[in-house]
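This is a predicted model, so every value here is computed, not measured. The first residue in the sequence is number 1, and the count goes up from there. Reckoned from all heavy atoms, side chains included, excluding hydrogens, waters and symmetry mates.
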Amino acid sequence: MSYGDFAYLYDRLMEDVPYDDWLTFVDVKLKQQNRNVKTSILDLACGTGELTVRLAQAGYEVIGIDLSEDMLAVANAKAQEKGMHIPFYHQDMTNLEGLPLFDVIIIFCDSLNYLQAEEDIIKTFKHVYKFLKEDGLFLFDVHSVYKISEIFGNQTFAVSDEDISYIWNCFPGDELYSVEHELSFFVKNEDTSMYERFNEVHYQRTFPIDFYEKCLKETGFHLVEINADFKIEEVKEDSERIFFTAKKGS
């Protein structure tokens with residue numbers, strides 16, 4: 001089984017991911033800013049397109065971009081199965097090019113935490129700013145320092161199903177507020193009834209809230225609001241996911 005085949009299993013492994021909560025977050029934030037349902041949205045790091053498709057079904061004009069061609073193949077097939085035409089492009093969010101201007105650009109599912117270097121976050125924010133319309137919104141989330149340090153640190157998570165299982169080990173990374181995810185997947189081969197093993201290593205890094213505030217300000221954004229954990233509530237010491245709402249211009 002190639003990684004391209006494995007990408008089709010991603011949604012099975014991530015079936016508990018709260019995509020509908022991200023959709024609700026977008027809906028709420030856009031209503032707060034008096035944006036209508038025909039709003040154009042760029043979904044950066046869209047993965048297999050689960051949220052992208054939901055946004056399109058809700059009436060938004062959406063484009064998806066991801067660094068993984070395999071994930072984009074899954075996303076495109078998923079949209080076609082639903083009879084939807086959603087443009088998907090293979091690009092790096094630190095170096096976007098050739099795109100129209102959008103009303104809203106989003107980076108969700110802690111995708112920004114895959115950028116290890118501070119300068120890459122700045123580069124991403126600059127490209128987001130470039131492809132936003134005036135007064136456009138930038139919505140993104142990141143793991144909190146608390147989650148990286150207290151929840152992921154030296155933890156093991158496991159899921160066992162009949163045809164697919166995984167073991168997920170987390171270790172503190174070399175950089176401050178970083179984590180190394182070592183994942184082993186066991187997938188049953190339907191032809192042989194034997195299990196095939198696939199290994200992946202993911203690195204994530206986060207920063208304190210004031211770092212992201214500084215980056216937004218340096219790239220010209222006006223910070224509208226900071227929330228936590230999908231409930232659009234104030235950030236607490238044990239908040240796990242931090243949401244930022246920023247606007248291009250004043």
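The residues Lys123 and Glu119 are annotated as not salt-bridged, no charged nitrogen and carboxylate oxygen being separated by less than 4.0 angstrom. Using a 4.0 Å cut-off between charged nitrogen and carboxylate oxygen, Asp135 and Lys248 do not count as a salt-bridge pair. Ion pairing between Lys133 and Asp103 holds under the 4.0 Å rule for side-chain N and carboxylate O.
With Asn113 contributing its side chain and His143 its backbone, the two residues share a donor-acceptor pair below 3.5 Å. In this structure a side-chain-to-backbone donor-acceptor pair under 3.5 Å is missing from His181 to Val201. The main-chain N or O of Gln116 is found under 3.5 Å from a side-chain atom of Arg205 such that the two form a donor-acceptor pair. In terms of modelled atom types and a separation under 3.5 Å, the side chain of Lys78 and the main chain of Gly49 share no donor-acceptor contact.
Using cut-offs of 30° and 60° for the angle between ring planes, the Phe125 and Phe138 rings count as perpendicular. Ring-plane geometry between Phe152 and Trp168 is classed as tilted, the angle between the planes lying from 30 to 60 degrees on a 0 to 90 degree scale. Between His127 and Phe131, the ring planes lie parallel to each other; the angle is under 30°, not in the 30° to 60° tilted range. Relative orientation of the Phe243 and Phe25 rings is tilted, given thresholds of 30° and 60° on the angle between their planes. The aromatic rings of Trp22 and Phe230 sit perpendicular to each other, their planes meeting at more than 60°, with 30° as the lower class boundary.
A continuous path of Ile, Leu, Val, Met, Phe, Trp and Tyr side chains, each step under 4.5 Å between heavy atoms, connects Leu223 with Phe211, placing both in one hydrophobic cluster. Linking Ile, Leu, Val, Met, Phe, Trp and Tyr residues whenever their side-chain heavy atoms come within less than 4.5 Å leaves Ile151 and Leu183 in two separate clusters. Two different hydrophobic clusters hold Val26 and Phe140 under the rule that ILVMFWY side chains link at heavy-atom gaps under 4.5 Å. Hydrophobic clustering keeps Ile122 apart from Leu112 (ILVMFWY residues linked when any side-chain heavy atoms are closer than 4.5 Å, directly or through intermediates). Linking Ile, Leu, Val, Met, Phe, Trp and Tyr whenever their side-chain heavy atoms come within less than 4.5 Å leaves Ile148 and Phe171 in two separate clusters.
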- May I have the step-by-step check of side chain to side chain contact (heavy atoms under 4.5 Å, CB included) for Glu218 and Lys214, ending in yes or no? CA-CA 6 Å; Glu218 288 180 0; Lys214 177 175 71 72; 3.4 Å; yes
- Message: Is there a side chain to side chain contact (heavy atoms under 4.5 Å, CB included) between Phe244 and Leu139? Walk through the geometry before answering.
- Response: CA-CA 6 Å; Phe244 293 80; Leu139 310 176; over 6 Å; no
- Task: Begin with the C-alpha distance, continue with both residues' side-chain angles, and end with the deciding distance and a verdict on salt bridge (charged side-chain N to carboxylate O under 4.0 Å, His left out) for Arg241 and Asp229.
- Result: CA-CA 5 Å; Arg241 187 178 296 276; Asp229 296 336; 6.0 Å; no
- Task: Please test Thr124 against Leu115 for side chain to side chain contact (heavy atoms under 4.5 Å, CB included), starting from the C-alpha separation and ending with a verdict.
- Result: CA-CA 9 Å; Thr124 297; Leu115 300 181; 3.3 Å; yes
- Message: Could you walk me through whether Ile107 and Met93 satisfy the side chain to side chain contact (heavy atoms under 4.5 Å, CB included) test, starting with their C-alpha distance in whole Å, then the side-chain angles of each, then the deciding distance to 0.1 Å, before giving a yes or no?
- Response: CA-CA 9 Å; Ile107 308 175; Met93 63 183 170; 4.1 Å; yes
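Contact of the Asp66 side chain with the Asp43 side chain is not registered, since no non-hydrogen atoms from C-beta on lie closer than 4.5 Å. The shortest side-chain heavy-atom distance between Glu175 and Tyr203 does not fall under the 4.5 Å cut-off. Side chains of Glu200 and Glu182 form no contact here, defined as non-hydrogen atoms less than 4.5 Å apart. Residues Val145 and Ile209 are not in side-chain contact: their nearest non-hydrogen atoms beyond the backbone lie 4.5 Å or more apart. A 4.5 Å side-chain heavy-atom check between Ser239 and Asn227 finds every atom pair outside the cut-off. Considering only heavy atoms from C-beta on, Thr206 comes within 4.5 Å of Tyr212 through its side chain. Residues Phe221 and Tyr129 are in side-chain contact: their nearest non-hydrogen atoms beyond the backbone lie under 4.5 Å apart. Counting only heavy atoms from C-beta outward, the side chains of Ile106 and Leu44 never approach each other to under 4.5 Å.
A side-chain donor-acceptor contact under 3.5 Å links Asn169 and Thr156. Donor-acceptor pairing under 3.5 Å is lacking for the side chains of Asp70 and Ser68.
Atoms OG and CZ, on Ser165 and Phe186 in that order, are 8.0 Å from each other to the nearest 0.5 Å. Expressed to the nearest 0.5 Å, how far CG of Leu51 lies from SG of Cys46 amounts to 9.5 Å. From Tyr60, atom OH reaches atom CD1 of Ile86 across 14.0 Å, with rounding to the nearest 0.5 Å. Atom CD of Glu234 and atom CD of Glu225 lie 9.0 Å apart (nearest 0.5 Å). Separation of atoms CD1 (Ile105) and CG (Leu137) is listed at 10.5 Å; rounding is to 0.5 Å. The distance from atom SG of Cys170 to atom CD of Gln204, rounded to the nearest 0.5 Å, is 9.0 Å.
Minimum heavy-atom separation, Cys109 to Asp141: N-OD2, 3.2 Å. Minimum interatomic distance between Thr219 and Leu216 (heavy atoms only, all atoms of both residues): OG1-O, 3.1 Å. Residue Val53 comes nearest to Lys82 through the heavy atom pair CG1-CD, 3.5 Å, listed as atom of the first residue, atom of the second, then distance. Closest approach of Ala56 to Met84, counting heavy atoms only: CB-CE, 3.1 Å. Across every non-hydrogen atom of His222 and Gly249, the tightest pair is CB-O, 3.1 Å.
Here the two rings, on Tyr177 and Phe207, have centers that are 6.0 Å apart or farther.
Around the CG atom of Asn154, the shell of radius 6.0 Å holds more than 12 heavy atoms that belong to other residues, nucleotides or ligands.
Exactly one residue among Leu23, Ile63, Val104 makes a side-chain contact (heavy atoms from CB on, under 4.5 Å) with Leu55. That residue is Leu23.
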